[in-house]
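Numbers here simply count residues along the sequence, with the first being 1. The analysis underlying the following values was restricted to heavy atoms, covering all of them including side chains, and did not include hydrogens, waters or symmetry mates.
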Amino acid sequence: MLLFILNLAFAGSSAAQSPCINGMVDGFPCERMELMSQMSNEDLMGTGSNDVWGWEDPVTGVEYALVGEKEGLAIVDMADPLNPFLAAFMNTQSSSSTWRDMKVYADHVYVVSEANSHGLQVLDLNQLRDLTEFPAILTPSKHVDVFSDAHNVVINEDAAMLFAVGTNLAGGGLVAFDISDPDDPILVGDYSEAGYTHDAQAVIYNGPDESYQGQSLVFAANANKLAIVDATDPTDIFSISIANYDYSYTHQCWLTEDHRYLILGDETDEQNQGINTRTLIWDVQDLDEPVLIGEHFSDGTAIDHNQYVVGNLLFQANYAAGLRMLSLSDVAEGELTEIGFFDVYPEDDAPVFTNGSWSTYPYFESGYVVVTSRLDGISIVRPKFMEVTPIAPEVCADELMAIQLTVLEGLLPPFDLAISGLPTGLELEGFQANLEAPGSFAFTISGLENAGTNVSFSIVLTSALNVVSETIQFQVDPGSTWYADADGDGYGNGEVSLQSCDSPAGYVQNTGDCNDGNALVYEGAEGTGQGLDNNCNGQIEPAEEGGCPGDFNGDGMISVADLLVLLGDFGCTINCTADFDGNGVVNVGDLLGFLGVFGEECL
């Protein structure tokens, strides 16, 4: 099961990838691919790229792209896929060459080339984590000169076997090396019965043909035929079957995950037969009798080159058409469905070898895919399997965040969905844990007042053959602090507050009211001569001293005229003239207090 971790930053991310919008990204035609970054051949210390493979440092987790250039091997640090850099370069063993290939086993990369006297270069990749100057110029840990040149190198990691193919030995067939000691490949056998091998995949077979389960097999593209070979005993490699078709040049092949079907590319049928890009689908459930069950034709005429299976997905590097992503959901019916692409050569899709993509590497656990361009270096892209659309890039802490989630076509249903890393205190409503087919649903997130300003979590989708995970980030506006203003004097009670992005009724943003029940009391208020601390400074100042409580009309007498003022003000709660006791309201308490001083003269 293959894992893709896809990050979606809605707001606040330190850097952002370039999304595919209306079929274009930074001038390149695209579908369901986001462009992370690009590096030119010059950036890679070369003049023309060819093949590519990858390695993840088991200690640091850093992913590296291992890029073939005419002049040697460029090693790209992808710790930050938005800002990759050339960490190291290993020069060609002899001379420059258009053809260079590399594979990885046990933290070592093995490099071959068609340059004369190049042989096999072995480089221990563990040294990358200790580099301090970049790019470092590295030399091979080991050089094997058993053969002069090779077109390709194939590794069966489970069997610790390496096969150099298209060499000057064994008629260009398989030349087998034991790499159980990764620093010291040992020649153990060869195979030439099916002739020249251009490329191949070597596996411990786990398919339905019981006769060969657990055996070390090689599925080889041999220029004019498909050869299935048993290499369990590398000293006695033999043919299981050889199959033919209307070939032009049998170039490369790859098995589905269950080893039931084989996807094969013919490199020159587009040129020689005048057809659109063709992919051949073989049923290999009976290894003695492989059967061609279907042909997939693309909409363009570009030459197909290297292709690799990742779960239910097929990634093809098709020269002028660039990277193509296809679904294998209907492979049993001999059908493929293109679901995405990134075209590295927008000018055309002519069936020529001079431009476009030679190869791609889609096996990074992060889900980033590296695709080469012969003229322009490499692009790092990220395929999309889910669309996640928030109601807004930012939400207030006292509101709900609504998210629309769409599972796109291409993976094999049903789907299990889960949330990973949801911050404490957040709650989901409407999230669906299962989908029987691609589709959409909306869900909400509440409790954002418990989160920080940046919320990040992942949605993990598990299907039969793939696991994809999208990390979502969005901003939370905590709002402003608002203070209760019960008496409406424009000053708030510092002990009663709430957070809000809007202006809530009955609240203000400043404090300074030491008596929120009396509109005459707040910071800076003038004295009312009622014995109140009107300005909230903690003391009764001369202007605040009570000169004649109850003399509401200020005529020096507490009389019926003042009683009429009180009765007219009865029930008042804001800015009350007859608030005898200063509690912010005019009620029976004020009337009783007033009657106690009724008839007195003010001194």
Side-chain angles (χ1 to χ4, degrees), residues 2-10 13 15-39 49 52 54 63 65 67 76 78 80-84 277 279 298-300 302 304-328 336-347 349 355-374 376-389 406-411 438 461 466 468-472:
L2 284 301
L3 174 66
F4 287 94
I5 301 175
L6 307 179
N7 301 299
L8 295 181
F10 294 131
S13 59
Q17 64 275 13
S18 299
C20 180
I21 300 175
N22 297 324
M24 295 293 289
V25 53
D26 292 354
F28 295 92
C30 60
E31 182 177 353
R32 288 178 57 175
M33 296 282 174
E34 293 180 320
L35 176 60
M36 310 306 294
S37 56
Q38 294 178 302
M39 296 181 70
S49 68
V52 61
E63 294 174 336
V67 185
V76 176
M78 292 173 47
D80 178 1
L82 298 172
N83 297 285
T277 309
T279 304
S298 77
D299 293 334
D304 51 311
H305 207 238
N306 289 353
Q307 57 187 340
Y308 301 101
V309 171
V310 183
N312 198 55
L313 303 167
L314 176 67
F315 291 86
Q316 295 183 330
N318 289 351
Y319 276 106
L323 174 67
R324 300 282 148 166
M325 179 172 69
L326 298 94
S327 171
L328 295 170
L336 306 174
T337 304
E338 184 174 296
I339 59 173
F341 64 87
F342 178 78
D343 189 349
V344 301
Y345 189 75
E347 286 82 351
D349 66 348
N355 50 56
S357 179
W358 181 297
S359 195
T360 181
Y361 184 77
Y363 294 111
F364 285 123
E365 187 173 351
S366 64
Y368 298 117
V369 176
V370 180
V371 56
T372 65
S373 170
R374 296 197 64 185
D376 298 314
I378 63 169
S379 298
I380 301 173
V381 299
R382 181 170 59 196
K384 291 177 65 66
F385 304 100
M386 289 185 279
E387 292 281 2
V388 184
T389 308
T406 301
V407 177
L408 303 173
E409 299 280 348
L411 300 181
L461 183 152
N466 298 82
V468 297
S469 174
E470 297 203 8
T471 299
I472 304 170

What's the spacing between [X] [atom1] and [Y] [atom2] if we round to 0.5 Å?
X: Q316; Y: S359; atom1: CD; atom2: OG; result: 11.5 Å
X: L336; Y: L313; atom1: CG; atom2: CG; result: 11.5 Å
X: D299; Y: D349; atom1: CG; atom2: CG; result: 9.5 Å
X: M78; Y: I378; atom1: CE; atom2: CD1; result: 7.5 Å
X: E470; Y: K384; atom1: CD; atom2: NZ; result: 5.5 Å
X: S373; Y: N355; atom1: OG; atom2: CG; result: 7.5 Å

(message) Under 3.5 Å, is there a donor on one side chain and an acceptor on the other for T277 and N318?
(response) no
Is any side-chain heavy atom of [Y] closer than 4.5 Å to one of [X]?
X: F341; Y: P29; value: yes
X: M33; Y: F28; value: no
X: F364; Y: V370; value: yes
X: L408; Y: I339; value: no
X: S298; Y: R324; value: no

(message) For W358 and H305, take the angle between the two ring planes, folded into 0 to 90°, and tell me which bin it lands in: parallel under 30, tilted 30 to 60, perpendicular over 60.
(response) perpendicular
Keeping [X] on the side-chain end and [Y] on the backbone end, is there a donor-acceptor pair under 3.5 Å?
X: S357; Y: Y319; result: no
X: S379; Y: Q38; result: no
X: N466; Y: N312; result: yes
X: N306; Y: T360; result: no

(request) Take F315 and V371 through the side-chain contact (heavy atoms from CB on, under 4.5 Å) test and state the conclusion after the steps. (result) CA-CA 10 Å; F315 291 86; V371 56; over 6 Å; no
(message) Taking the six-membered ring of Y368 as reference, does the cationic atom of R382 (NZ for Lys, CZ for Arg) lie under 6.0 Å from its centre and within 45° of its axis?
(response) no
Of all heavy-atom pairs between [X] and [Y], which one has the smallest distance, and what is that distance?
X: P346; Y: G27; answer: CG-O, 3.7 Å
X: V76; Y: P84; answer: CG1-CB, 3.8 Å
X: P362; Y: V369; answer: CA-CG2, 4.0 Å
X: E34; Y: C20; answer: CG-N, 4.5 Å

